[in-house]
Amino acid sequence: MGCLRQISLPSYILIINFVALTFAQPDVALYKNCTTSGTFNNDSTYGSNLKSLQFSLSSNIDESGFYHSSRGQDADTVNAVVLCRGDVELEICRSCVNEAIRNLTQDCANQREAIIFYDKCMLRYSDQSIFGIMAWGPGFEKWNIYENVSDNDWNTFTVTRRSLLLSLRDRASSGDSRLKYSTGEEQVPNYNTMYTLVQCTPDLSLGDCKSCLDACMQLIPTCCNRSIGGAVYKPTCNLRYELGTGPFYNQTVPYAVPPPPPPPPSLSGIEIFLIVASIVIFVILTVSISIYLRKRKQRNQHHKIEKNLSVHEAVDGIDSVESLQYDFATIRVATDNFSAANKLGEGGFGPVYKGRLPNGQEVAVKRLSKGSGQGEQEFKNEMSLLAQLQHRNLVKLLGFCLEGEERLLIYELLTNGSLDQILFDTINGQNLDWDGRYKIIRGVAKGLLYLHEDSRLRIIHRDLKPSNVLLSKEMDPKISDFGMAKLFLQDETQGNTMRIAGTLGYMAPEVFQGNISVKSDVYSFGVLVLEIVSGHKIHNNFENGNNTENLLSYAWRIWREGEASNLIQPTMKTSSSSIPEIMRCIHIGLLCVQENVANRPPMASVVLMLHSMSLPLPEPLRPAFFQHSSVETNMEMPLLEASNYSVNEASITELHGR
Ligand SMILES: *[C@@H]1O[C@H](CO)[C@@H](O)[C@H](O)[C@H]1NC(C)=O
Ligand SMILES: *[C@@H]1O[C@H](CO)[C@@H](O)[C@H](O)[C@H]1NC(C)=O
Ligand SMILES: *[C@@H]1O[C@H](CO)[C@@H](O)[C@H](O)[C@H]1NC(C)=O
Ligand SMILES: *[C@@H]1O[C@H](CO)[C@@H](O)[C@H](O)[C@H]1NC(C)=O
Ligand SMILES: *[C@@H]1O[C@H](CO)[C@@H](O)[C@H](O)[C@H]1NC(C)=O
Ligand SMILES: *[C@@H]1O[C@H](CO)[C@@H](O)[C@H](O)[C@H]1NC(C)=O
């Protein structure tokens, strides 16, 4: 159930979500009411009872998230109840309750009765008995004011909402005296998944919990009839639903009531016969339907392939494009108005920001520099193509946003940054051992192979380099910025082929003559491999007598002198068992950077070479050194014009210095 394909979801939900936004702020109370009863004096017994009770609350809550207590006698009795949302961890629960107490102590000082609701907790105290008693008020409703489901979809939407809430109501109310909580999801036709949560204070009886939730449900048609998100809160129960791309709750509940034991089998012979018979019929039906559907799908696929997919045809209908489109306002809020604090870096195509979507998902937002010159429809087509590229070694494109001149790309957020930040860092670089590096090399190779051959579209990356290799938590490499060059190279068709995307040092020489092919990516990959093995940047200078060499010429020279092991970063030489693997990678790297395009192996061969150690490798021929004279003369003009792209300024300076 928790498994969602981001890209297949409709766009509606991605638009600012009032409920989720309000709830996303942990410290902001959703609702507070302390006007229902009288006041007490500072020096009264009631006041001191309340104070002492408040002190005890947060330390006494346990994993169940529920606690109640009383202090004092007769008219001076104070009763308090705290309830944390069922999925909230104890520590967060406690800090939420502390915040609630702090707030009420100030804003509701001297009030005998008060209630405050946060997203994650509720605190209530009163001079009346409140434990075990269902209460309707004070309560409140909240809903998404920005988005309604369409009239046409309203029917299926309400049916789903109602049936989900009813089944959750029954599940939650049958919980035990520590937790009455339940969540559930269901796909709404034409929309996103609906996520729902219901909870009662567990001191209610089964029947009271049901009635309390029924009362909440009865309010939905008035508060939230067509809204894509809504919530109803009462002191003793609450419910909430949201159409979204991910749950607003944690699907792992720290303290959960074990599911009820299955009912004991007490079926008569005839019942068993009927059940078996219907299962057999069901299985036969399912199998024949799925065979039929598969046949039909195969036919359709053949049909599609025969149509020889052009860019436009590959778009699976307008729905899939819309499902990727985010609202600009949403992204502006998600990135805190593209605040400097959220800026992750500046890529070749524009700055990248960290953001948090209304559903809590963290994303990286690339704000393309203006003037990509691409029309809206072309851009959408491009996006829907890129979003179809999914591979564990590619950064996942979650969506895009288009408004006026603004073009934003929304990607999964990878927390470990990019390879260059680790590889070329004196400390982190040393911590990246050979196994980690080897995994990165092989992962990048697979990602590139997918781009070149295995995806439906043949994508040439054009700008592969360490800063475009991002690392997941598990240090798996993910290639980013693929397909970017195409977004910016629209005028190619108008014969203006001189604009070059790429980064000096990583670009194969033929690229400067406009001969871009998958083999130019192979070249960049070779440079990357040599960098990973040596820990040196391609631009680093190596002294050789009076000459200075760059990484490639240095590697080539010592390879021919039989000293290639000198290339290996010294910190990795400690484990001699990995030396054969490292040497093989140097060999492969040199094969990839060969000057003659035809001699460079395709990525499929590279992947094979990396995975079977026994496969014999050809001798590498002379690499293309990027200071190669025929290239140098061609370089300046297009590169300066290409300042929009990932041209590394340091490398330009270096070039001019020669
Ligand atoms: C209490 O919470 C409300 C709502 O979040 C807020 O407006 C108010 O400033 C808070 N009061 C204090 C004392 O923090
Ligand atoms: C109670 O004490 C607080 C400070 O401790 C003060 O601000 C408030 O005015 C007092 N209220 C009454 C009713 O005396
Ligand atoms: C507080 O709750 C009472 C009873 O439910 C209600 O009449 C009153 O309007 C509420 N006050 C506020 C400020 O919401
Ligand atoms: C949603 O529907 C309600 C009534 O059905 C209407 O009052 C509200 O303006 C609508 N909101 C939007 C954003 O269309
Ligand atoms: C809820 O919306 C539907 C569809 O627009 C409408 O037919 C129905 O009357 C609405 N119900 C209420 C209580 O507003
Ligand atoms: C969800 O809950 C589990 C168990 O308490 C916890 O380990 C995990 O970190 C939580 N995840 C999030 C996103 O809060």
Side-chain angles (χ1 to χ4, degrees), residues 10-36 39 50-51 54 57-58 80 82-85 92 94-111 113-125 138-165 188-192 194 214-233 235 238-239 241-244 322 325-330 333 358:
S11 65
Y12 312 86
I13 317 322
L14 307 170
I15 293 172
I16 285 201
N17 182 324
F18 177 71
V19 176
L21 270 183
T22 319
F23 287 10
Q25 305 236 352
D27 297 334
V28 178
L30 304 173
Y31 176 77
K32 174 168 62 187
N33 190 327
C34 42
T35 60
T36 49
T39 57
L50 178 59
K51 236 186 184 56
Q54 286 175 335
L57 287 178
S58 97
V82 294
L83 178 71
C84 286
R85 213 171 66 191
I92 295 168
R94 286 197 168 129
S95 73
C96 183
V97 170
N98 283 332
E99 171 63 21
I101 293 170
R102 198 191 61 76
N103 190 303
L104 290 185
T105 312
Q106 288 199 19
D107 287 8
C108 294
N110 302 87
Q111 300 288 334
E113 201 172 53
I115 187 165
I116 187 164
F117 291 88
Y118 290 81
D119 180 22
K120 298 204 162 79
C121 72
M122 180 274 295
L123 164 66
R124 178 185 179 208
Y125 55 81
F140 66 101
E141 297 90 49
K142 265 195 177 327
W143 59 94
N144 184 318
I145 57 169
Y146 292 101
E147 191 73 17
N148 289 330
V149 296
S150 72
D151 273 328
N152 285 342
D153 291 315
W154 177 77
N155 246 322
T156 46
F157 172 76
T158 25
V159 168
T160 312
R161 180 172 57 188
R162 192 174 160 73
S163 71
L164 252 180
L165 287 173
V188 180
N190 296 336
Y191 285 86
N192 259 316
M194 182 182 287
D214 279 337
C216 294
M217 286 178 67
Q218 276 165 21
L219 290 173
I220 285 182
T222 34
C223 73
C224 322
N225 190 22
R226 284 168 51 207
S227 176
I228 60 162
V232 181
Y233 284 79
N238 61 73
L239 60 79
Y241 74 88
E242 298 247 17
L243 286 178
E322 300 219 308
Q325 191 162 356
Y326 286 61
D327 190 73
F328 185 69
T330 306
V333 172

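Atoms within each ligand, like the ligands themselves, are counted from 1 in listed order. The basis for the numbers below is simple: all heavy atoms, side chains too, and nothing from hydrogens, waters or symmetry mates.
- R226 pairs by the salt bridge (charged side-chain N to carboxylate O under 4.0 Å, His left out) definition with D151, not counting sequence neighbours.
- Below 3.5 Å of separation, one finds no N or O of E99 facing any N or O of ligand 1.
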Quick check for students: name every N or O atom pair between ligand 5 and the protein closer than 3.5 Å, with distances.
residue	atom	partner	partner atom	Å
ligand 5	2 (O)	N225	ND2	2.4
ligand 5	5 (O)	D151	OD1	2.5
ligand 5	11 (N)	N225	ND2	2.8
ligand 5	14 (O)	N225	ND2	3.2

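- Atoms of ligand 1 lying under 4.0 Å from at least one heavy atom of Q106, given by number and element, are 13 (C).
- Contact annotation for V28 and ligand 1: heavy atoms of both the backbone and the side chain come within less than 4.0 Å of the ligand.
- Interface of K32 with ligand 1, defined as ligand atoms under 4.0 Å from a residue heavy atom, comprises 1 (C), 2 (O), 3 (C).
- Inspection of the S150 and D153 side chains reveals an N or O donor paired with an N or O acceptor under 3.5 Å.
- Rounding to the nearest 0.5 angstrom, the gap separating the CD atom in Q111 from the OG1 atom in T39 is 6.5 Å.
- Looking at ligand 1, you'll find an N or O of D107 within less than 3.5 Å of one of its N or O atoms.
- Backbone and side-chain nitrogen or oxygen atoms of R102 are examined, and one is located within less than 3.5 angstrom of a nitrogen or oxygen of ligand 1.
- The CG atom of L50 lies 9.5 Å from the CG atom of N110; values are rounded to the nearest 0.5 Å.
- With ligand atoms numbered from 1 in the order given, ligand 1 contributes 1 (C), 2 (O), 3 (C), 8 (C), 10 (C), 11 (N), 12 (C), 14 (O) to contacts under 4.0 Å with heavy atoms of N103.
- Remark: F117 engages F140, Y233 in a ring pair (Phe, Tyr, Trp, His ring centres under 6.0 Å) (not counting sequence neighbours).
- Ligand-side atoms of ligand 4 in range of I145: 13 (C), range being under 4.0 angstrom from any heavy atom.
- Cysteines C34 and C108 place their SG atoms closer than 2.5 Å to one another.
- A heavy-atom distance below 4.5 Å is not found between the side chains of K32 and I115.
- The distance from the CD1 atom of I220 to the OG atom of S227 is 10.5 Å, given to the nearest 0.5 Å.
- Rounding to the nearest 0.5 Å places CG of N225 at 7.5 Å from OG1 of T158.
- By the salt bridge (charged side-chain N to carboxylate O under 4.0 Å, His left out) test, R162 pairs with no residue at all, sequence neighbours left out.
- Short contacts between ligand 4 and Y146, defined as distances under 4.0 Å to a heavy atom of the residue, involve ligand atoms 13 (C).
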